Each structure stands twice: as C-alpha cells, then as structure tokens.
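The structure displayed is predicted, hence computed values, not measured ones. Reminder, nothing fancy here: chain letters follow the sequence lines and each chain counts from 1.
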Amino acid sequence: MEPSKAPEQFLKPYNSAENEPRMLELWEKSDYANPDVCIKNGVTAFDAEPYSIVLPPPNVTGILHMGSALMIVIEDILIRYHRMRGKKVLWIPGTDSAAIATQAKVEGDIYKTEKKTRHDLGREELLKRVNAFTEESKKTIIDQTKKMGASLDWSRYAYTMDEKRYAAVMEAFVRMYNAGLIYRGDRIVNWDPKLQTTVSDEEIEYVEQQDSFYHFKYGPFDIGTVRPETKFGDKYVVMHPDDERYKDYTHGQKIDLEWINGPITATIIKDRSVDREFGSGVMTITPAHSLIDFEIAQRHGLDIECVIDDRGILLPIAGEFAGQHIKKARPLIVEKLKQKGLISKIDDGYVHNVATNSRGGGIIEPQIKRQWFIAVNKEVEFPDPSTELRAGGKKMTLKEHMRETVSSGAVEILPEHFSKIYFHWIDNLRDWCISRQIWFGHRIPAWFKGDEVKVQTESPGAEWQQDPDTLDTWFSSGLWTFSTLGWPHFAKTATRGEPGPENDLVNYHPTSVLETGYDILFFWVARMILMSGFLLGDIPFRKALLHGIVRDGQGRKISKSLGNNIDPLDMAAKYGMDAVRMSLIAGMAPGTDSRISEEKIRGYKHFANKIWNITRFVLDNNVGLTKSHILPDDLVLVDEARKVADEVSKHIDSFRLDLAADAVYHFVWDRFAAEILEQSKEILKGSDADAKNSRAAALHEILIISLKLLHPFMPFVTEAIWQQLPQPTLASSSGEAKKECDLLMVAKWPQ
RNA sequence: GCGCGGUUAGCUCAGUUGGUAGAGCGCUUCGUUUACACCGAAGAUGUCGCAGGUUCGAGUCCUGCACCGCGCACCA
C-alpha cells in the first residue's frame, strides 16, 4: 500500500492568521459552548456532572489587556478540559459597568474636549453619554474576548446594568433591608471631594506623602498636626488616663486658652486610644473629619461639628477663613498662628500616608454623611438551602459567615496562603458603605426610608445631593454567580437536570471555580460569599483560584506612563493566539505575578509550527489506515503518551496549568518529535510491512493523544489539524473506521 | 507595628512525602539524511541569600538574620 500524502492544506509553515478565524467560525457554528446544545446533540450525557464558571466580567472602560487575557486563558483551559472529559460545562460571559471608573473616564473625556462638568450637562445627558460609551466599549471587549478562543456561551451573556441584573439587585436590596442588614445612618465615611461621592474602605489606596508637621501651643499643651486647617473646631484635648505627665489634669476639666480666632474654653478628655509615645502624648480632636476622633467623640458624648464642606471649602466656624478652599487656606492659617505666637515648631519632611480614591479620584476627606450600609456584625437568620446548603438555617453575622465559609473548607481559596490574608481582612472589617453619589449605577429607589440616626450636625450639602444615591458596583457584582443563572426569576421553578437557561440556577450553582486576580479578593470574592450565603444559603463557588499580575519582561507593572504595554491581540496577529495563550500559562505559578515578553511568545509560535510539522510527517506515512494492528513494541509508545495524559490531567485537576503545559510541551517536542519520530524513520524505510503499518498506526495514535492534550492550551492549531485529519481515522479496538467526532473541542479526553 | 510572599545558571523561572542541581531564552561550535532552519547535534555556566540546627543525607524540614516585593492597620 502506498503511503498517503498529507493534504495540500498542510502548507508550511503553520499560518495562524489564516486558520484562527476559520476555527472561531467553526466553533461558533457548532454552538458547543452551550451545554444545552451538547446534550441535544448527544455530545454530553443528560446526567453528566456539571462544571461551571462565571467569567469575571471585564470593565467596559477599556480594551482587553494581558491581565484579562491571562484570566480568559486559564478559565478556557479549565473549561475545554472538563468539556472533553464529558462534563456538562457552562462558562458564562459578561461585562461590568464599573460605575465609578466608567463615569470618571467619561467625565474626564467630556471635560477635556468640551470643558464641561457633569453638572453642566445634567444627569440625563451624562447618562446618555456614559451609555453610548459603554455600548461601544462593550462591543470591543466582547469581540476581543471571542478572538482569544474563549469557548463562552454567549447566549447567556449578562451585563451588570441590564434588566435581569437590576431585578436581582432590587430583590437582594429588599431582602437585606427587611432582615435589618441594610440600614441608613449618619456615619463618618470616605468622601472623595473630586468625584463628589463616598467610597468604601476597600477602594481607598494609601499614598505616601511628605508634608510639614506643625507643633502648636494649645494652652499649656504641645499638639501636632499636618492639617492646621481642620483645627478651628477643636475644643477637646485628649490624653491617655495613665500618662504620668498629665496626671494633674482631670477628665472633664475646663481650660481657657487662646486659639486661632480668639479665646476658647477647651475640655480635657481621658481616652485610652491615645498613643503616649507619639509626640507629646496629647492631641486635640476633629470628630467630623476623622474616624478615630469621631469614635472618641461618640464614646464621651462630645459635640461634633463640621469644619469643611463637600467641596473642601471651610465653613463659617473658620471665621475669617470661611469660604476658602482648604488648600489655599492652610498657609494663611499657619501665618496667622505664627503671628499669634502659637506655633512652637515646624518639622519639614514628615512622611505619612494620605488616603486617596483608587478609582481615579482625589484625596479622601472623611465626612459625616447619611449613607446606606450593610451591617457585618448583626446577627441574622440565614435562609434555607435552595441547592446545596452551606449556611442554611444558621444564625450568625455576615462576618462570621464569611469567616466560617472559608475556615470550614466549604470554599477553598487557592493558593492556600491567600486565605490568611482573607481572614486578616475579615477581622478588620467594618460596615460596608454601599451608597454612592455618582449617577451611573443601580439607583436606590426613593421609596426606601432608612432609620435616621441623628447626629448633632447636618452635613452641609450641595444641591445635587437631592438625587437618589446609586449602589456600589460591587453590590451587584456580589450577586454575579446567581444573578447570571436566573435568580431571582427562576429560583423557584427550576428543575434539576433539565437543560435550558431557566434551570441554570439549580443545575450550575454553586459554580465550580471562581478564577480571578488576587487584587479583588476583598472586593469580589468575599462579597460573593457574603451575598450568596445570605440570599441563597449557598456558597457561590467551591474554589476561588487566584492569579497574579502580568508584568513586562523586566518585571515592571504594565502602565500607560511606562509605555510597556504588550497588547495580546497585536501579539496574536504576529505570532498566533495559541502562542500568546501558551506564553501566559507557561512558568506562571498560581497566585504569583508573572512576566510576558515578545521573545517568549515567539518561542511558542515555533512550538505551534512544530505540532503542524509533526502532523505532516505522520500523515505522509499514514499507510494502511484501516487495517493496521499495533504491535506490542509500538503499543509501549502509545502507553507512554497515555501516561503523559494522566500527568497532564493530574496537574490540571490541581490547578497547576503551568506544569501541565510544561509536561505536554516536553513530551511533544523532546520525546515525540525528537526521539520517537526520528526512530520511526528507520522502521518506515524498511521492508517489513507489518512493522511499518504498526508503527504508522502508533504514530497516528500518539498524534491524536497529543492533539487532545494540547487542545485546551492551544485550541486553534490543534483544531485546525483535527479538521485536516483524513476521514476515517483509526478506531482503536473495534476495528471500525470512523472519525471520533467532527470537532476536537468535544473529543474525548485520553485516559 | 501586624501579617504574607520571594531570594536557585547571564536573564526569566521550575524543582510536588528530604536521596547525585533542571527547563526556556541567550551564548559557543558543528550540521540540511522522510516533517520542521519557526530545525537538529554537541558544549560552557551554579558556595541553591547568610548563619546555625535536625538527619546517614537538606535547594527541600526547624531557628535566627539580611535584602527585595506585597497586604492590612496607625499616622494627632
């Protein structure tokens, strides 16, 4: 029998640009990313084990970067692997409105081009602009995600601001409100004067800054501050009760002294929160603009007076400085204090941390505001289980629930050491401020009336505060695993096992894995555990798998100012998406930062080409396709490939995708190509027909195993080859000659 | 201050219950014979951060230290 020749399509070298769009079209047409279609076509068993992931929805603010690319690749590998293992696999796509970030970006763009603020435009017009921007941006992100080869089920696509998600947000809000978990109160919050909104504790980023540190004479005391402009209202002087230096002063004692705008009467307060080692061990407090001071004031029932308004302007309490911005007023105030002889010393170069809004905002000014909060220390009843009960029926606080869910192992955080960071965060957790004053986001309905905890002061507000607040974007994100699966609409009518989106909640929740960056462990992972615990009595996912930051070849963070961005799609156009995918995975230990460089990507392009050429060699020698029998000697080689399959499976199951990729890479290149193929050349040249047929069949078998093992990592080149494999291909035992299936994407994983 | 990582070849990093130090890239030399020059063959390069300890044996386990990175808290 004459050897067949590889099909003409096997041009050399492998052309990714030509093959990738064809593969994408093929996959899209098949619709096998939709598990319902797989079941209908008999690709997946009706009662197969479910495997589900929600894609962390990328922000609609920008284009796809290497970080999102890494996330997509990791998840796509897991998804394709489990699909090939015969599971009922669902991977849900979505996009995130990213409220603050998006509004800040659009506002910025408008100001740049039109010199107009959002107040010039008005709420309606701004939202129109924001929506136009997000629609455009969404298309870009979706298109780029598809190009990555992500086998997402787009028929189930969700957007955080669409109607279904809005319904889920309202349902969640009402239930938590009725349970007393959501309350409204006048509390000290993180106020961003630039974006004119509150932000949560997690959104704050501390930036080191150098300032002058001023020492004042406050009656007989020496007090220090970096913020003289806040000191107008200071009429309490606080010290530690055990401080020997001040034992002659008694709690509640009144002292007359000269201060910025004239004589005042100050009151001595003894409080254990004062650090005796810091400065003179005495301080004055500004309760309206400092959390610690606010707490001291509350403990002792002291007056709380605002000094600075929402825009950073001094209030009438500042006397002659009222109406001035704090920035401009500070040097003038210092000057006046100097003239009055109240400054004893100025230390320059005092290094301290300044709180800023990490979402593109300004320097945080603590303010007392009437805001909505989620109580994390209030004991509540958790609901009965809807699917797999983890917290059902128990009475505990949200904080306890979040702690227990992880410590009990119900949710496993990987790598494991991140759970310590998680616990540490929980221990320091305060009530979550969920209301925002930005316009873009889910609005809190006006008909909600909170308990109005009265504090002495009314925060002096600007007129636009009359608008209803919107919700922290992470409130809706916290619902994501179930708001994308039909909750609350289908929560009661779903039928287990039956295909169809209306049964998703019961079929696919809890999700199998949540894969995301470690930087949003608190923002998202913790909030999802909180939300699904209280609302469903369920865990949102069994495992939280965290990945690190993708850095450039020199280990620097990718940033616009450095200009070191490596665009995944540019790289794919140049070297192929398979190469981009492999280079992101190889050498990436879970949870640690990784690096990517063009050289690395080029290396894996060579590998894609290698696979292509191996195939050509195997097909060129593909004699006796239908009747070959593999001799024991050659069977050993096939078994070797099967052993690699076990190794790859083991690594993927333990989320060591890097080791899995490494194992298959080395088998294919160093063993299969370099050794087995080379040896085979001798045999195939020989005259022993049985030996030739056997060896050719074995090579074919090893090729098929290799393609399957590589498919999750490099779906394009492997599928392109699979499409070219001659029909029929070998059937191993039955002797029946037929191609196992049309798409490698749903082929059986080798065992 | 509390906590979490890291330190292995020139560079980037593996090293899974302790058993003779590994890969990729780069470097040197050579080579087109049934795929592949986007290839192949051969080669050079290491006090495994430092100091102790446990052990027959430590890159791996324990203690201390140094340096780098990160998180959280404080910052009057």
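- Within the 4.0 angstrom heavy-atom criterion, no nucleotide atom of any strand lies near A:Arg227.
- A sub-4.0 Å separation between OP1 or OP2 of B:G40 and a side-chain N or O of A:Trp669 is present.
- On a pure distance criterion of 3.5 Å, no polar donor-acceptor pair joins the side chain of A:Asp620 and the base of B:U34.
- Here the side chain of A:Ser358 pairs a donor or acceptor atom with the backbone of A:Glu203 at under 3.5 angstrom.
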Any protein N or O atoms within reach of nucleotides 68-72 of chain B? Criterion: under 3.5 Å, listing atom names and distances.
from: B:C72; atom 1: O2'; to: A:Asn428; atom 2: ND2; distance (Å): 3.3

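- At a threshold of 4.5 Å between non-hydrogen side-chain atoms, the residues A:Asn353 and A:Val207 do not count as touching.
- The only option from A:Tyr665, A:Phe713, A:Tyr575 that meets the ring pair (Phe, Tyr, Trp, His ring centres under 6.0 Å) definition with A:Tyr604 turns out to be A:Tyr665.
- No donor-acceptor contact under 3.5 angstrom links the side chains of A:His352 and A:Gln209, judged on distance only.
- Distance, A:Lys650 NZ to B:U16 C1': 7 Å, rounded to whole Å.
- Within the 4.0 angstrom heavy-atom criterion, no nucleotide atom of any strand lies near A:Ile223.
- Comparing the same atom, P, in B:G64 and in B:G26 gives a spacing of 43 Å after rounding to whole Å.
- Across all strands shown, B:A66 forms a Watson-Crick or G-U wobble pair with B:U7, both key distances being under 3.5 Å.
- Across B:C39 and B:A58, the matching C1' atoms stand 41 Å from one another, rounded to whole Å.
- Look at CD1 on A:Ile426: it is 18 Å from P on B:G3, rounded to the nearest Å.
- Atom CZ in A:Arg595 sits about 10 Å away from atom P in B:A14, given to the nearest Å.
- A distance of 11.5 Å separates NZ in A:Lys217 from CG in A:Leu337, rounded to the nearest 0.5 Å.
- Checking each of A:Asp293, A:Asp234, A:Thr230 against A:Thr284 for a side chain to side chain donor-acceptor pair (under 3.5 Å) leaves exactly one that passes, namely A:Asp234.
- Counting heavy atoms from C-beta on, the side chains of A:Ile304 and A:Ile368 come closer than 4.5 Å.
- Distance noted for atom C1' between B:G69 and B:U32: 49 Å (whole Å).
- For B:C4, its base never sits under 3.5 Å from the side chain of A:Lys420 at any donor and acceptor pair.
- You'll find the side chain of A:Ile704 reaches within 4.5 Å of the side chain of A:Trp722, heavy atoms only.
- As the counterpart of B:U16, no nucleotide is assigned, since no Watson-Crick or G-U wobble pattern has both distances under 3.5 Å.
- Rounded to an integer number of Å, the gap from CD1 of A:Ile611 to C1' of B:C38 is 12 Å.
- Between A:Arg695 and B:U34 there is no side-chain polar atom (N or O) within less than 4.0 angstrom of OP1 or OP2.
- Interatomic distance, A:Lys610 NZ to A:Thr615 OG1, rounded to the nearest 0.5 Å: 11.5 Å.
- To the nearest 0.5 Å, atom OH of residue A:Tyr214 and atom OG1 of residue A:Thr225 are 9.5 Å apart.
- Closest of all the heavy-atom pairs between A:Phe418 and A:Gly591 is CZ-O, 3.7 Å.
- No hydrogens or angles were tested; on distance alone, nothing pairs the side chain of A:Glu678 with the base of B:A41 as donor and acceptor under 3.5 Å.
- Comparing B:C65 with B:U7, their C1' atoms are spaced 14 Å from each other, to the whole Å.
- Protein atom CD1 of A:Ile676 is 17 Å distant from nucleotide atom C1' of B:U34, rounded to whole Å.
- Going from atom CZ of A:Phe617 over to atom P of B:U34 covers 10 Å, rounded to whole Å.
- Comparing the P positions of B:U54 and B:C62 gives a spacing of 15 Å, expressed to the nearest Å.
- A:Trp259 places none of its side-chain heavy atoms less than 4.5 Å from the side chain of A:Phe232.
- Candidate nucleotides B:U16, B:C38, B:C75 were compared by shortest atom distance to the side chain of A:Asn609, and B:C38 ranks first.
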In the 5'-to-3' direction, what one-character label does each nucleotide of nucleotides 21-30 of chain B receive under the scheme B = base within less than 4.0 Å of a protein heavy atom, S = sugar-phosphate only, - = no such atom? --S-------
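- A:Asn190 and A:Asp201 are linked by a side-chain donor-acceptor pair at a separation below 3.5 angstrom, with hydrogens and angles left out of the test.
- The NZ-P distance, from A:Lys681 to B:U34, rounds to 8 Å in whole Å.
- A:Val274 and A:Gly281 get closest at one heavy-atom pair: CG1-O, 3.4 Å.
- For the ring-ring contact (aromatic ring centres under 6.0 Å, His included) test, residues two or more places apart in sequence or in another chain that qualify with A:His251 are A:His300.
- For the segment residues 270-287 of chain A, the set of residues with a heavy atom within less than 4.0 Å of an atom of RNA chain B comprises A:Val274, A:Asp275, A:Phe278, A:Met283, in numerical order.
- Side-chain contact between A:His289 and A:Phe294: absent, with no pair of heavy atoms (C-beta onward) separated by less than 4.5 Å.
- Of the nucleotides present, B:G53 is the one that pairs with B:C61 by Watson-Crick or G-U wobble criteria, both distances under 3.5 Å.
- Counting non-hydrogen atoms under 4.0 angstrom, A:Ala608 reaches nothing in the nucleic acid.
- Separating the C1' atom of B:U55 from that of B:A14 is a span of 26 Å, rounded to the nearest Å.
- No side-chain heavy atom of A:Lys336 sits less than 4.5 Å from a side-chain heavy atom of A:Leu342.
- Here the closest heavy-atom approach between residue A:Ile702 and residue A:Ala641 is recorded as CG2-CB, 4.1 Å.
- The two residues A:Lys605 and A:Ala579 have their closest heavy-atom pair at N-CB, 3.5 Å.
- A residue-by-residue look at A:Glu682 and A:Phe418 shows that A:Phe418 has its nearest nucleotide of RNA chain B further toward the 5' end.
- Salt-bridge annotation for A:Lys270 and A:Asp243: absent, with no side-chain N of the basic residue lying under 4.0 Å from a carboxylate O of the acidic one.
- Rounded to a whole angstrom, the distance from the C1' atom of B:C2 to that of B:C48 is 31 Å.
- Nucleotide B:C36 has no partner under the Watson-Crick or G-U criteria, as no pair reaches both atom distances under 3.5 Å.
- The partner of B:A41, taking Watson-Crick or G-U wobble pairs whose two distances both stay under 3.5 Å, is B:U29.
- Heavy-atom distances under 4.0 Å link RNA chain B to no residue of residues 571-583 of chain A.
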Heteroatom pairs (N/O) under 3.5 angstrom, protein to nucleotides 59-64 of chain B:
none

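- Across all strands, A:Lys600 comes closer than 4.0 Å to no nucleic acid atom at all (heavy-atom distances).
- B:C2 is paired with B:G71 under the criterion used here, namely a Watson-Crick or G-U wobble arrangement in which both key atom distances are under 3.5 Å.
- Checked against B:A35, B:U34, B:C74, the side chain of A:Arg616 finds its nearest nucleotide in B:A35.
- Picking from B:A14, B:G5, B:A35 the nucleotide with the shortest atom distance to the side chain of A:Lys610 gives B:A35.
- Rounded to whole Å, atom P of B:G5 lies 18 Å from atom OH of A:Tyr422.
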